[in-house]
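Take a look at the structure set out below.
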Amino acid sequence: MKIAVLAGDGIGPEVTAEAVKVLKAVIGDSAALELVEAPIGQAGVDAAGDPLPQRTLDIAREADAILFGAAGVPGDEQIPYAMRPGASLLRLRKHLDLFANFRPAIMFPQLVGASTLRPEVVEGLDLLILRELTGDIYFGEPRGFRTTASGERQGFNTMVYSESEVERIAHIGFRAARGRRGKLCSVEKANVLECSQLWREVFIRVGREYPDVELTHMFVDAASMMLVRAPKQFDVIVTGNIFGDILSDCAAMLTGSIGMLPSASLAGGNFGLYEPVHGTAPDIAGKDIANPLAAILSVALMLRYSFDRPDFDGKIQAAVSAVLSDGCRTADIFEPGSRKVGTREMGDAVVAAIRNPER
Ligand code: IPM
Ligand code: MG
């Protein structure tokens with residue numbers, strides 16, 4: 001297994017270090033594992049004068065999978081796109097055509113009390129947000145700033161989807177639903193946007209090839225309401241890049257903390273990038289208080305999707321569950337009566353649980 005480790009900025013290096021520890025522990029055989037580290041984000045600028053250095057891109061391309069931490073520095077939206085640390089991830093996704101972003105939101109029973117929602121609303125929650133990741137208003141052209149005839153400045157972007165882009169994410173979504181509870185909800189804004197009308201048409205067409213999957217459609221505003229009102233109605237939600245960005249943060253909070261949510265971004269085959277959904281969290285960086293579980297669970301997704309090892313995925317899930325049952329909590333999921341631990345201690349606890357599963 002050749003894995004590119006792109007830890008990046010902020011809490012990225014801290015949580016990635018714990019994820020790597022867990023990866024090594026679960027694989028056991030160190031000869032089977034080749035880890036290649038490379039800088040990205042501000043770390044890329046510091047090392048090579050580029051947030052996405054060519055060498056990093058080459059290392060990422062040559063690997064079987066990428067473990068990504070976080071990239072960006074506060075206020076970097078002022079910096080032009082090509083040199084902006086926070087945009088390095090977007091460029092990497094685009095370069096590697098990582099169009100299918102899996103963001104599962106699963107409720108660990110031990111954390112039901114950490115959610116801001118009532119237990120009966122979130123207990124047993126298991127939903128998958130599949131977000132299209134390389135199209136939409138994130139990458140649509142034209143984009144930029146301009147000055148109108150009357151001398152006023154404008155910022156503008158373009159929301160655009162081609163049929164082929166919608167088709168390929170639709171197929172991934174229907175196949176994912178088939179392997180789960182057989183329900184797919186396509187989320188868009190077809191009552192207002194042409195882009196969404198096309199999205200819906202394509203989903204209806206592709207859906208005819210999957211008569212065993214129940215296809216429904218929901219406008220994004222209603223979907224955001226339903227996610228907090230009755231999230232258990234959903235099995236697989238498939239949506240575009242910007243709506244998926246917003247809805248997946250919301251879904252993360254259902255499970256207690258964004259510090260718990262892993263993700264996988266695939267290019268259609270086994271190759272993928274795995275990252276926690278949370279970002280750099282500069283306010284808590286370097287303090288050993290960040291929750292490494294999203295990064296650790298991202299490794300579990302990697303072992304399942306890129307290396308076809310659901311057994312290793314299962315071991316990590318079981319270890320995380322055992323650690324939570326022992327009462328270990330980082331600050332973001334802390335509840336009175338549980339034991340507050342730091343980033344490293346949480347990682348060590350998961351490693352220990354992997355080594356002694358029957359404890
Ligand atoms: C995410 C993040 C990124 C996005 C940012 C960091 C560019 O919010 O992965 O959800 O908007 O896609
Ligand atoms: Mg986001």
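Start at 1 and go down the list; that is how both ligands and their atoms are numbered. The structure presented is a predicted model; accordingly, all values stated were derived computationally and were not measured. All values below were derived from every heavy atom in this structure, side-chain atoms included, with hydrogens, water molecules and symmetry-related copies excluded. Start at 1 with the first residue, then count along the sequence.
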Exercise. Under 2.8 Å from the Mg ion (ligand 2), how many protein N/O/S atoms do you get? Just the number, please.
Key: 1

Exercise. May I ask you to establish whether Arg143 and Tyr81 are in a cation-pi arrangement, using a distance under 6.0 Å from NZ or CZ to the six-membered ring centre and at most 45° from the ring axis?
Key: yes

Quiz item: So, Thr343 side chain and Ala290 main chain: donor-acceptor pair closer than 3.5 Å or not?
Solution: yes

Practice problem: Taking the six-membered ring of Phe234 (Phe, Tyr or Trp), confirm whether the NZ or CZ of Arg180 is under 6.0 Å from its centre and within 45° of its axis. | Solution: no

Exercise. Mark yes when over 12 heavy atoms from residues, nucleotides or ligands other than Phe156 sit less than 6.0 Å from its CZ; otherwise mark no.
Key: yes

Quiz item: Can a cation-pi geometry be assigned to Lys94 and Phe139, taking NZ or CZ under 6.0 Å from the six-membered ring centre and within 45° of the ring axis?
Solution: yes

Quiz item: Got the residues with a heavy atom under 4.0 Å of ligand 1, by chain and number?
Solution: Leu90, Arg93, Arg103, Arg131, Tyr138, Asp245

Quiz item: Is Phe219 isolated, or which residues cluster with it under the ILVMFWY side-chain rule of less than 4.5 Å, directly or via members?
Solution: none

Determine all donor-acceptor pairs shorter than 3.5 Å in which one atom belongs to a side chain in residues 21-33; sequence neighbours excluded.
{"unit_1": "Lys21", "atom_1": "NZ", "unit_2": "Glu18", "atom_2": "OE1", "d": "2.7"}
{"unit_1": "Lys21", "atom_1": "NZ", "unit_2": "Asp348", "atom_2": "OD1", "d": "2.6"}
{"unit_1": "Asp29", "atom_1": "OD1", "unit_2": "Ala31", "atom_2": "N", "d": "3.1"}

Quiz item: Can you check whether Phe307 and Phe312 have ring centres sitting under 6.0 Å from each other?
Solution: no

Self-check item: Residue of the set Asp332, Thr330, Thr116, Asn291 for which side chain to side chain donor-acceptor pair (under 3.5 Å) holds with Ser257
Solution: Asp332

